[in-house]
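No experiment lies behind these values; they were computed from the predicted model shown. In the text below, chain A, chain B and the rest are named by the order of the sequence lines, each starting its count at 1.
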Amino acid sequence: MTGQIVMEAPPAHDAPDEAPAHRSATSHLRRLEAESIHILRETAAEFRKPVMLYSIGKDSSVLLHLAMKAFHPGKPPFPLLHVDTTWKFREMIAFRDRRAHELGLDLIVHTNDDGLRQGIDPFTHGSARYTDVMKTQALRQALDLHGFDAAIGGARRDEEKSRAKERVFSHRSAAHRWDPKNQRPELWSLYNTMLAPGESMRVFPLSNWTELDIWDYILAENIPIVPLYLAAKRPVVERDGALIMVDDERMPLRPEEEPHLRSVRFRTLGCYPLTGATTSNAATLPEIVREMMASRTSERQGRMIDRDSPASMERKKAEGYF
Amino acid sequence: MSYHEAPTIAASDAPRLDRDDRPTLRFVTCGSVDDGKSTLVGRLLYDSKTLLDDQLDALASESKIAGTTGGDLDFALLVDGLQAEREQGITIDVAYRFFATRLRRFIVADTPGHAQYTRNMATGASNAELAVVLVDARKGVITQTRRHSHILSLLGIRHVVLAVNKMDLIGFDGDRFAAITAEYLTMAGQLGISQVQCIPVVAPDGDNIVAPSVRMPWYTGPTVTAYLESVDVSGDVSQRPFRLPVQWVTRPNAEFRGFCGRIASGTIATGETIAVQPSGRQTRVARILSPDGERDHAAAGESVTLTLTDEIDVSRGDVLTAGAAPQVSDQLAAHLVWFDDEAMVAGRRYMLKCGTASTGAVITTLKHRIAIDTMAQESAATLDANQIGYAHLSLDRALVFEAYRDSRDMGSFILIDPISHRTAAAGMIDVSLRRATNIHWQRLAVDKSVRARLKQQRPCVLWFTGLSGAGKSTIADLVDRRLAELGRHAALLDGDNLRHGISRDLGFSNADRAENVRRAAEIAALFVDAGMIALVALISPYRNEREQARQRVETGEFIEIHVATPLAECERRDPKGLYRKARAGELPAFTGIDDPYERPQAPEITIDTSELSTDAACERIIGYLRDNHYL
């Protein structure tokens, strides 16, 4: 199921996202911004048919903001692609559609219909199988279906150990596989973008950003984010040591589980059954940044899928996961 | 040691909250295998409190399972993120890690020590402002220390911290430390690395990493962290002339035409006069759009969009310049670090990428190779993987550039193998060999289409490739005669005949064979320009040589004919007795026997003479030319 949502474009000179910042970006952020914009422009110039992976999270929000800047007053010369597992938070989907509409961008939404027909869900099939079918395979399907030769993603090197090893322009075989032991040398800002038929590139403009840089930049640039990042009273249950929000009636509750309203927020966003919330009262962006500075755990702690097995991220990436 | 011990940076010194403009230092760690690079980086992360509780928990449990430290925290596991690295306890590829202290942020590239992964070390070093070179105190300066230092010097890194590690294993011997330091400083001086800080450390225990070592009171210099926090690495590129390599032309509507790129050096303001290179046409800057809005000026490092006062032709690969003119040439000399497992071949065509420009390039001469241990310049015909040399290159078209020592962005390039697409080498431009600005192609009033119409044919190259004795020359000769009968104009270039004349100076080394093929391709292209059909019969065993010959003419002008007679049949015929000699070991590197023949993947025509007579083969080729309107 791939739906093309093409929204009415606002006039070309209308620059969204350029509301006056209430705190200007530092030169540190400006340097990261300039590098990311350079990478985005290289991608547009060197590939036949690029696409931007839009996962609706904070990193995607920053990436989209940078893409709008890179091609201003024009529009980014590539569509957005969202791989929808059908298990995302409802607020994420609403935010996605609203942003695409506001910015006048092409948004492609793809779901793995085979997976849906087989009734793959995160509760009965386990997060590993579910992630493979509804995310990794779905992404590969969408890339093949549209013939995209470059997919831009918001991954950062500080997220995880195998990501710390990845190039900015990361080569994928015709079977979408990453070969971590045989990456192309990548010197200076010179990117080898040559591809054989069927091969593709994953491009990571946020490689050198840290989680704190992302929040600082969101704050400085006043970038819209999904409200789930801000603390609010939400219905959660405690399961396997994590706080899981009961976002809809599809979530089967165990006998001992009863949803309670608690003030929580999310550090990363994904599929609601697999995303743990943290107890927090940080309801504004400055409060989030403060809370982060004092935090003693990493953002990936709330993600269930990284913990399936040792080196699980590297294996998933080798198979084509973003 | 427990990870709950208090790290040495007090909580009150922990990074700020509000306006935070600490500068970022990007550095690289290098050195040989097992010198302790990853451990040092892990220790820096640990001591800077960058590690969070869940990461420390994971480290503690992994150290017990996979660690090489007998159950203590194995800091190397923090950076060796690939499964293969953790299994083998080595670093394969560069890892980028982030940490911050009260004064600075750091991005560290932790690079592998094995010689075979030198390309990954160079990857990590290319964007660094400083290098931490580790040596094992027991071994001192070794070949890999020299290789890495040489590459650092070529990459223009002027600041080095020499961390002499494992001091505990030599009893904290200050004299030994002084001897290693003296040896390294001598080499660094020769390499032009001007700033070296030598520090004795014990990376796993943290001696002289953040806190001064109580076990080495004789050392009174800064710790690694203190030095990294204070060293001044600024080299101000905004003082140099303005250069903006054009990345992208944006044209959202009829009124707006903007040129996007990141400023490589200098500053620019609205109203200033600029030149578009290589055309040299002049105009002025109308508007400057930056990521934070419209501005009246911009400086090096910023990604901007400029509009110009005149409608002149500018496209990706051009460079907008002001002040002193940049170099514009199609001939240059450069230092090369070779990466590809396939050795460098003079005369072979590579793709060269410099700034935002790409062009075909041929390494015309390898002037010398560096003997790493002695640093002597030795003469050599080729570069193998991880070797360093100095070469002359000839480009398909003139490039706008600067010497690498003046501008990293404008003086660096990569070479890409056009067939495998691997990044074959990194290059640092030294000088332009001539000013190509004075050389212009003569505009010819009579072009090849005029000539071709006169002859009532479409010019093309018929490239016969195949094993020795396959029948290439016999078929080509017959096709040549047949074309003459039909009143068409052709010329035959036979491999053996070329060697009696234009290639008389060439032998049979790989480089000479490549050169012979290149000459044949160039001559064939001249014939095509003259409106003729050029027949070339050459073994031409390598795919990328044939691909280069194809690129010498326009699309549709190159017809690859694979004379695919099987080896056994060729050897049975053996018309020149060559197979017999090769089998007897008298002809080394004979194609098909002990040198590979790379079969064409998609030849326009394939002919197997064990199934097809010479006449039938000839008719098939003539038929192809008719069907495709060459005749």
Side-chain angles (χ1 to χ4, degrees), chain A residues 12-13 18 21 23-28 30-31 33-35 37-38 41-42 44-45 66 69-75 157-158 160-165 167 180-181 183-192 194-196 207-208 210 216 289-290 293 295-298 300-301 310-311 314-315, chain B residues 15 17 19-24 52-55 62 78-79 81-84 86 92-98 105 107 119-120 122-123 126-127 247-248 250-253 256 258 260-262 289 291-293 301-303 305 316 339 351 353-354 356 408-409 412-414 416 421-423 426:
Chain A
H13 278 286
E18 291 203 346
R23 198 186 85 180
S24 65
T26 60
S27 64
H28 165 69
R30 288 285 174 231
R31 178 178 176 183
E33 178 186 65
E35 288 176 354
I37 287 174
H38 177 262
R41 288 171 173 170
E42 283 300 288
L66 291 167
K69 286 190 175 205
F71 302 99
H72 174 77
K75 289 229 160 52
R157 284 170 174 158
D158 80 326
E160 196 271 336
K161 275 180 291 200
S162 69
R163 288 214 196 280
K165 292 270 169 181
R167 300 283 187 258
K181 285 196 282 182
Q183 300 193 83
R184 289 177 179 174
E186 188 171 85
L187 286 93
W188 304 292
S189 311
L190 290 174
Y191 303 109
N192 177 349
M194 303 276 281
L195 296 173
S207 287
N208 287 331
T210 64
D216 274 343
V289 174
R290 262 166 207 284
M293 300 293 306
S295 168
R296 291 300 308 154
T297 57
S298 75
R300 302 203 79 82
Q301 198 196 27
E314 180 184 343
R315 207 193 55 245
Chain B
L17 281 182
R19 189 165 178 84
D20 174 11
D21 210 1
R22 284 171 297 168
T24 304
L52 303 170
D53 289 347
D54 55 321
Q55 294 168 327
E62 281 175 26
L78 288 168
V79 271
L82 299 178
Q83 206 159 13
R86 299 152 86 78
I92 292 173
D93 212 331
V94 53
Y96 297 89
R97 296 302 303 246
F98 304 75
R105 303 164 204 265
I107 301 180
R119 53 180 168 259
N120 297 335
T123 293
S126 68
N127 287 314
Q247 274 190 289
W248 174 262
T250 176
R251 194 145 202 187
N253 56 59
F256 191 94
C260 310
R262 191 166 48 152
L289 278 67
D292 56 348
E302 295 188 71
S303 282
T305 300
R316 176 173 167 86
F339 295 143
M351 248 269 290
K353 201 167 177 186
C354 172
T356 60
R408 274 196 197 189
D409 285 345
S412 57
F413 64 83
I414 54 173
I416 301 170
H421 296 166
R422 286 192 296 263
T423 305

If you compare all heavy atoms of A/N192 against all heavy atoms of B/T423, which two are closest, and at what distance to 0.1 Å? ND2-OG1, 2.8 Å
Taking C-beta and beyond as the side chain, do A/H28 and B/R22 meet within less than 4.5 Å on heavy atoms? no
A/Y191: ring-ring contact (aromatic ring centres under 6.0 Å, His included) partners, not counting sequence neighbours: A/F169
Can you name the residues that form a salt bridge (charged side-chain N to carboxylate O under 4.0 Å, His left out) with A/E186, not counting sequence neighbours? none
Rounded distance (nearest 0.5 Å) linking atom CG of A/L187 with atom CZ of B/F339: 4.5 Å
Looking at CD of A/E33 and CD of B/E302, how far apart are the two atoms once the value is rounded to the nearest 0.5 Å? 9.5 Å
Answer yes or no: is there a side-chain heavy-atom contact under 4.5 Å between B/F256 and A/P73? yes
Answer key: most heavy-atom pairs under 4.5 Å with chain B among A/A70, A/S207, A/A196 is A/A196
With a 4.5 Å cut-off on side-chain heavy atoms, are A/H72 and B/T305 touching? no
Between A/W188 and B/T123, is any pair of side-chain heavy atoms under 4.5 Å apart? no
Go through B/M351, B/K353, B/R119, B/R251 and name the one with the most non-hydrogen pairs under 4.5 angstrom from chain A. B/K353
Any donor-acceptor N or O pair under 3.5 Å, side chains B/R105, A/T210: no
Using a cut-off of under 4.5 Å on heavy-atom pairs, state which of A/P180, A/P185, A/S189 scores highest against chain B. A/P185
Residue B/Y96 versus chain A: region with a heavy atom under 4.5 Å: both
What I'd like to find out is whether the side chain of A/K181 reaches to under 4.5 Å of the side chain of B/D93, using heavy atoms alone. no
Heavy-atom side-chain proximity of A/R157 to B/R97 below 4.5 angstrom: no
Name the residue from A/E35, A/H38, A/R30 that meets the side chain to side chain contact (heavy atoms under 4.5 Å, CB included) definition with B/S303. A/H38
Side chains of A/L190 and B/S412, heavy atoms from C-beta outward: is any pair under 4.5 Å? yes
What I'd like to find out is whether the side chain of B/R422 reaches to under 4.5 Å of the side chain of A/R184, using heavy atoms alone. no
Quick one: closest heavy-atom pair of A/A45 and B/Q247, and the distance? CB-O, 3.6 Å
Atom CZ of A/R41 and atom OG1 of B/T250: how far apart are they, to the nearest 0.5 Å? 8.5 Å
Could you tell me which portion of A/L195 (side chain, backbone, both or neither) has an atom closer than 4.5 angstrom to a non-hydrogen atom of chain B? backbone
Residue part contacting chain B, namely of A/R31, when any heavy atom lies under 4.5 Å: side chain
Is B/I107 in contact with chain A via its backbone, its side chain, both, or neither, using a 4.5 Å heavy-atom distance? side chain
Quick test of your reading of the model: are A/E42 and B/R316 salt-bridged, counting only N-O distances below 4.0 Å? yes
